[in-house]
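By convention in this document, chain letters (A, B, ...) are assigned in the order of the sequence lines, proteins followed by strands, and residues within each chain are numbered from 1.
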Number of protein chains: 2
Amino acid sequence: MADLARELGVSMTTISRALSDHHSIGPATKQAVLKLAKKLNYQPNHLAAALRKGKSKLLGVIVPYIEGRFFASVVHGIETAASKAGFSVIICQSSEDVAQERKNLETLLSAQVAGILISVSRTTVDFRHFEKVRKHGVPLVFFDRILEGDNVNAVLLNDREGAYQATRHLLEQGCRRVAHFAGLQHLNIYKNRRQGYLDALQSYGLEPDETLIKDCDMTLEGGTGCMAELLKLSSPPDAVFSAGDSAVLGALQLLKSRGIRVPQDVALAGFSNEALTLVAEPMITSVDQRTEEMGQAAFRLFTELVAAEGTSFSQRQVVLQPQLFVRASSLRKG
Amino acid sequence: MADLARELGVSMTTISRALSDHHSIGPATKQAVLKLAKKLNYQPNHLAAALRKGKSKLLGVIVPYIEGRFFASVVHGIETAASKAGFSVIICQSSEDVAQERKNLETLLSAQVAGILISVSRTTVDFRHFEKVRKHGVPLVFFDRILEGDNVNAVLLNDREGAYQATRHLLEQGCRRVAHFAGLQHLNIYKNRRQGYLDALQSYGLEPDETLIKDCDMTLEGGTGCMAELLKLSSPPDAVFSAGDSAVLGALQLLKSRGIRVPQDVALAGFSNEALTLVAEPMITSVDQRTEEMGQAAFRLFTELVAAEGTSFSQRQVVLQPQLFVRASSLRKG
DNA sequence: TTGTATGCGTTATCAG
DNA sequence: CTGATAACGCATACAA
């Protein structure tokens, strides 16, 4: 920058203003500066600017893991929106571990990020470590997974609605003993999916049967195990709505290995619309979580928080509507 | 930091040295500083340190995309190693687009990253945009995908060996007309996989049949299309080795839809060991790419480059050995 | 072992 | 509209 100033015989202040599109700057000088900047191949030092301004163009994102379609896709949505606005994204994985999540937060804060977007790990049970973020005045946006009880800025999927639709669909196919693979109930997403399942039963005038609701870790093996237990019942289910896709695949594999037909004997539906739902045979009915939109919405919410800095403390929640993709695993009728 | 100095009645220099574990510092003062730092909840500003030292603790990573197991897993490997060494990782996706890749590079350079780890997009055909990185003196490490012709620091998989093993395996199962789905030949990975395929044929004394080698975009649809064409041949193949997993799945689906048995009529093998290989029925034989190791090796190579700064210009290449996972899609014998 | 002084590249303040 | 100057938070060369 000093080079530019010397070359053009103006002050560094002028250079800075020209480059940052400041209002009080002559159009002529501005053009001259921009032109010379190109020629000398000037590279702005974002670090210095961030140090001076106290705000960087870095955005921190923390996810439990990045494998699989869901988080990868949300992150992609965030990144697309962020890079349009000139932000770089630092991605951290908590590996479903609170301790790691805490470290991630420290890392991001000391990297002076402008904001933090997070989906909490499943071992996160309190909000203490987020207090520090607030004290630093760093905008915090939750997405998909949040902790209940604390009012936070968040982008959520209407999990209850998605589960409701999936379960209704199974009931509409003629199933009457619909089982549910439920996830950890302290996480909003699994709690709401369970609630949607219950609501759908009720809308059909059916009493929930606790023996048909299995706690499941949402892994493939977990799904296999839960399905095996359900088959031991004197009155086994004729359908399963799982809160996750991997588990439903496990169930599918077990059913096939026992010669039980899907969907004729047992209909299946999952949640997340992962890639595997299209690879399985039959293809698996699943609820899509609007991943790209969620990422974009999360970034937008972040920018709104920045804009609304200090004006009010109103908590904002964006709720996205899920979409059910009906496939062969649940289609009994035409 | 100024607070700490005032509180303890020492200079900021002392504080700085105590915090950064400098050698000339009294153990007593050091402890005192560390203790007070904890108490006052001191948060180091990495940006300021980076500005002063000219080197940040940020690492830039550019991948074509992050969905699917391969890149997500490599990135995870990088991140694990990097965070142990106190680095944060900025991930960029080029979306297989050179123009985006160029932008990513600019972004990372202006974020003053300490180094850049990259797997080039498939539309990258020259090295011009990497010259700028060299001029900045920023260490550059390539992984998996590189451009041939330029000697660069890179972590690679022995793709030729992996393809060789997979093809040999198919031949050992009794197949004699082994087809190949080949990827873009300007990318080292696909070129080498094709070469491994050819070498394996030769090792069995077989002449390559050009009609059995299909150019394929490595998508599921691409695989379906290539398989359909192969089946039209007067003398169709009895096995396919695909340079990617999605394409082999496409082939599998087509074969099943036509009532052709896998592996009895046509045996299949893919490359990447993606999650879908375990979901397909039958499960698909595939070559594993040692993704986590690749990520770790890439980070290690970066640190070596930093350590060897200015000493020599020797190019380093780390080559990992692939591992063939044999599954039902290719097993004709016991 | 400790302190003083200076600068990293940028922007905000205030005066012209 | 432009310029001089200070400051962001930290790390080093040099002197003590």
Side-chain angles (χ1 to χ4, degrees), chain A residues 1-34 36-37 40-58 86 88 106-114 136-138 309, chain B residues 1-34 36-37 40-58 86 88 106-114 136-138 306:
Chain A
M1 238 172 77
D3 297 354
L4 296 184
R6 203 177 333 100
E7 196 89 9
L8 284 176
V10 295
S11 77
M12 273 179 50
T13 309
T14 305
I15 304 293
S16 173
R17 287 204 259 245
L19 259 26
S20 53
D21 207 36
H22 195 272
H23 60 275
S24 23
I25 183 78
T29 38
K30 183 171 157 185
Q31 288 311 317
V33 171
L34 258 45
L36 188 65
L40 293 194
N41 191 28
Y42 163 74
Q43 293 291 122
N45 185 331
H46 288 186
L47 254 56
L51 176 59
R52 181 60 235 251
K53 294 199 287 196
K55 280 292 167 207
S56 75
K57 280 289 195 175
L58 294 174
S88 300
E106 295 283 354
T107 303
L108 293 177
L109 287 179
S110 71
Q112 310 293 119
V113 294
H136 277 246
V138 174
E309 196 117 296
Chain B
M1 236 172 79
D3 297 354
L4 297 184
R6 203 176 333 101
E7 196 90 7
L8 283 175
V10 296
S11 77
M12 272 181 51
T13 310
T14 306
I15 305 294
S16 172
R17 287 202 256 243
L19 258 28
S20 53
D21 209 34
H22 195 272
H23 58 276
S24 34
I25 184 77
T29 38
K30 183 171 156 186
Q31 288 310 317
V33 171
L34 259 45
L36 188 65
L40 294 192
N41 191 27
Y42 164 74
Q43 292 293 121
N45 185 329
H46 287 187
L47 256 55
L51 178 59
R52 176 63 231 255
K53 293 200 286 195
K55 281 293 167 207
S56 74
K57 279 291 196 176
L58 294 173
S88 299
E106 296 282 354
T107 303
L108 293 178
L109 286 180
S110 71
Q112 312 291 118
V113 294
H136 277 246
V138 174
V306 172

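- Contact of the B/K30 side chain with the B/R17 side chain is not registered, since no non-hydrogen atoms from C-beta on lie closer than 4.5 Å.
- Counting to the nearest Å, the C1' atom of D/dA7 and the CG atom of B/L47 are 16 Å from each other.
- Taking 4.0 Å as the cutoff to heavy atoms of chain B, we find the contact window on DNA chain C bounded by C/dT1 to C/dG9.
- Between the CG atom of B/L51 and the C1' atom of D/dC8 there is a distance of 9 Å, given to the nearest Å.
- Looking at B/S20, its side chain does come within 3.5 Å of a backbone N or O of B/S16 through a donor-acceptor pair.
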Trace of the side-chain contact (heavy atoms from CB on, under 4.5 Å) decision for A/I25 with A/V33
CA-CA 11 Å; A/I25 183 78; A/V33 171; over 6 Å; no
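- Nucleic acid contact for B/I25: sugar-phosphate only, since backbone atoms but no base atoms lie under 4.0 Å from a heavy atom of the residue.
- Less than 4.0 Å separates DNA chain D from at least one heavy atom of each of the following residues of residues 6-23 of chain B: B/M12, B/T13, B/S16.
- Without hydrogens or angle criteria, A/S56 side chain to A/A50 main chain gives no donor-acceptor distance under 3.5 Å.
- Among residue pairs with one or both ends in residues 4-14 of chain B, those qualifying as side chain to side chain donor-acceptor pair (under 3.5 Å) are B/D3-B/R6, B/S11-B/T14; sequence neighbours excluded.
- For the residue pair A/L47 and A/N45, the shortest heavy atom distance occurs at N-OD1, 2.9 Å.
- Between the CZ atom of B/R52 and the P atom of D/dA7 there is a distance of 19 Å, given to the nearest Å.
- Heavy atoms only, all atoms of each residue included: B/A37 and B/L19 are closest at CB-CD1, 4.4 Å.
- Contact annotation for B/M1: backbone-only contact, meaning every heavy-atom pair under 4.0 Å involves sugar-phosphate atoms and none involves a base.
- The distance from the OG atom of A/S110 to the NE2 atom of B/H46 is 3.5 Å, given to the nearest 0.5 Å.
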